[in-house]
There are 2 protein chains.
Amino acid sequence: MFYICTENINTMNSLTEENYLKAIYKLVDGEKVAVTTNAIAEKMNTKAASVTDMLKKLSDKKLINYEKYYGVKLTAKGEKIALNIIRKHRLWEMFLVEKLEFGWDEVHELAEQLEHINSEKLVAQIDKFLDYPKVDPHGDPIPDSNGKLQIQKSALLSTFKKNEVCMMTGVVDHSPSFLQYLAKTELTLGSSIRISDINDFDRSLQIAIGKGKPFFISNEVAKNILASVK
Amino acid sequence: MFYICTENINTMNSLTEENYLKAIYKLVDGEKVAVTTNAIAEKMNTKAASVTDMLKKLSDKKLINYEKYYGVKLTAKGEKIALNIIRKHRLWEMFLVEKLEFGWDEVHELAEQLEHINSEKLVAQIDKFLDYPKVDPHGDPIPDSNGKLQIQKSALLSTFKKNEVCMMTGVVDHSPSFLQYLAKTELTLGSSIRISDINDFDRSLQIAIGKGKPFFISNEVAKNILASVK
DNA sequence: AATATTTTTTAGACTAGACTAAATTTTATT
DNA sequence: AATAAAATTTAGTCTAGTCTAAAAAATATT
């Protein structure tokens with residue numbers, strides 16, 4: 001059963017409130033479990049006591065369902081707001097990479113600022129300007145203006161078998177250091193990857209991109225690359 | 001005598017501090033007089049008492065010279081920060097109009113948000129993307145990255161004489177209603193204007209744009225249009 | 001020059017959001 | 001089941017920025 005939120009989400013929420021909603025959304029991550037106070041505190045780089053205060057506030061605003069000592073879930077409205085922020089974040093990242101020559105490892109922090117700019121028209125125009133992209137520079141799906149998210153079915157590169165061919169669709173680790181490492185290889189979104197060998201010793205892979213010559217990647221790297229069968 | 005600020009202006013200032021500095025800069029407007037507390041309060045839509053508090057704070061940070069009961073002036077550093085915000089504001093306005101199909105009457109509010117985004121690279125790239133514009137969509141000059149402002153020598157359209165030809169370079173009134181009025185005429189930045197007649201009765205003007213046919217504008221309108229001799 | 005008016009500042013209070021320390025509730029361990 | 005440990009909440013404090021009301025200084029008026 002699905003509830004779709006038709007409420008107007010463009011009531012003013014503070015920057016802090018928006019960041020809490022986003023953090024809760026990311027901690028839920030598809031699962032139906034309630035999010036704990038400590039988990040939010042860690043994600044927000046703040047203390048549990050501060051989180052409790054904010055949870056009361058968000059609960060009063062009907063953006064989360066909050067039960068003392070139990071945890072929180074987003075309401076339909078809260079989730080829609082969170083998805084709208086994520087939409088803006090990913091569209092801005094795409095804009096920075098596609099139009100302003102930013103590297104995919106340097107857009108995150110800046111998008112954290114830009115995602116809070118409040119203007120429906122701006123978002124719509126950026127979307128149009130980019131020709132309605134479906135994923136951001138890291139392969140993460142961009143929610144549509146109704147907060148609908150296209151779920152992409154991808155698996156970790158580490159789960160593919162020898163000689164299989166797949167296409168890189170995203171990354172798990174978004175850290176600049178990992179993205180910078182990838183930039184040194186030929187591994188980018190859309191790369192056609194063939195697993196030419198798997199080494200039993202350390203589970204490292206030998207892969208080839210397109211018709212290029214094979215090279216090694218560690219199992220650690222393979223576990224942070226998303227790919228879909230062709 | 002001119003003092004050029006070579007200090008790093010990228011120390012963090014709050015959004016509120018930035019808005020105060022901008023307000024003070026705009027109130028000084030080239031003149032050397034000190035700005036009064038009440039004037040700032042009015043511009044910031046706040047109360048004089050709140051302004052006094054902030055002036056102390058900005059004074060402690062060496063961004064303004066503040067003497068009790070006398071008024072304030074920006075220090076070189078304060079002025080540089082203000083100009084940097086104005087630079088960002090005008091570049092964003094230009095971006096919205098040139099790239100995202102915004103009208104010149106609807107960009108101001110949005111640019112008020114965008115001007116506080118903190119990223120040197122972003123500003124540099126937007127500037128480059130727009131091919132280093134010298135003026136914003138309203139004809140206001142865009143300060144360069146050192147905070148230098150190209151002063152444009154323009155006069156009010158109401159000061160020109162009969163049969164003179166000039167080019168529209170800007171507007172005095174930036175309100176959406178005035179800009180929307182102009183959009184209904186052919187008066188835009190760069191328009192070649194010939195004063196075909198001046199009516200003694202109400203000081204209204206008959207003007208022609210390029211080779212178009214003449215039409216009337218009130219003196220009130222003429223007083224809000226900037227133009228330079230060809 | 002004395003008084004009235006306006007402007008500005010001070011003093012004290014409020015809100016959002018954060019913190020520490022203490023209290024409470026839940027969960028884990030014996 | 002009793003107790004220990006961990007998680008969470010409460011209570012009280014702090015800062016930034018705002019406010020009102022009162023005090024002080026500057027300006028204007030008689």
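Note that the structure is predicted; figures quoted are calculated from it, not measured. Proteins get letters first, then strands, A, B, ... in listed order; numbering begins at 1 in each.
- We find that CE of B/Met44 is positioned 10 Å from P of D/dC19, with the value rounded to whole Å.
- The shortest distance between the side-chain N/O atoms of B/Tyr20 and the OP1/OP2 oxygens of D/dA16 is not below 4.0 Å.
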Q: Encode nucleotides 9-14 of chain D as B, S and - characters from 5' to 3', where the letter depends on protein heavy atoms closer than 4.0 Å: B to the base, S only to sugar-phosphate, - to neither.
A: BB----
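- Here side-chain hydrogen bond (donor to acceptor under 3.5 Å, both in side chains) pairs that include residues 150-160 of chain B, with residues two or more places apart or in two chains, are B/Ser154-B/Thr169.
- Applying the salt bridge (charged side-chain N to carboxylate O under 4.0 Å, His left out) test to pairs two or more places apart or on separate chains, those with a residue in residues 106-117 of chain B are A/Lys121-B/Glu106, B/Lys22-B/Glu112, B/Lys22-B/Glu115.
- Taking atom CE of residue B/Met54 and atom P of nucleotide C/dT10, one finds them 16 Å apart after rounding to whole Å.
- Using a 4.0 Å heavy-atom distance criterion, A/Thr46 is classed as a sugar-phosphate-only contact.
- For B/Lys61 and D/dT15, the NZ to P distance is 16 Å, given to the nearest whole Å.
- Taking atom CG of residue A/Asn19 and atom C1' of nucleotide C/dA16, one finds them 15 Å apart after rounding to whole Å.
- For the side chain to side chain contact (heavy atoms under 4.5 Å, CB included) test, residues two or more places apart in sequence or in another chain that qualify with B/Ser145 are B/Arg87.
- The CG atom of A/Leu74 sits 8.5 Å away from atom CG of A/Leu63, with the distance rounded to the nearest 0.5 Å.
- Evaluation of the salt bridge (charged side-chain N to carboxylate O under 4.0 Å, His left out) test over residues 61-74 of chain A, restricted to residues two or more places apart or in two chains, returns A/Glu17-A/Lys61.
- To the nearest angstrom, C1' of C/dA21 lies 12 Å from NZ of A/Lys47.
- Across the protein-nucleic acid pair, A/Asp60 atom CG and C/dA16 atom P stand 11 Å apart, rounded to whole Å.
- Nucleotide C/dT15 holds its P atom 21 Å from the CE atom of A/Met12, rounded to whole Å.
- For the pair A/Asn38 and D/dT8, the criterion of a side-chain N or O lying under 4.0 Å from OP1 or OP2 is met.
- Contacts classified as ring pair (Phe, Tyr, Trp, His ring centres under 6.0 Å) and involving residues 51-80 of chain B (residues at least two apart or in different chains) are not found.
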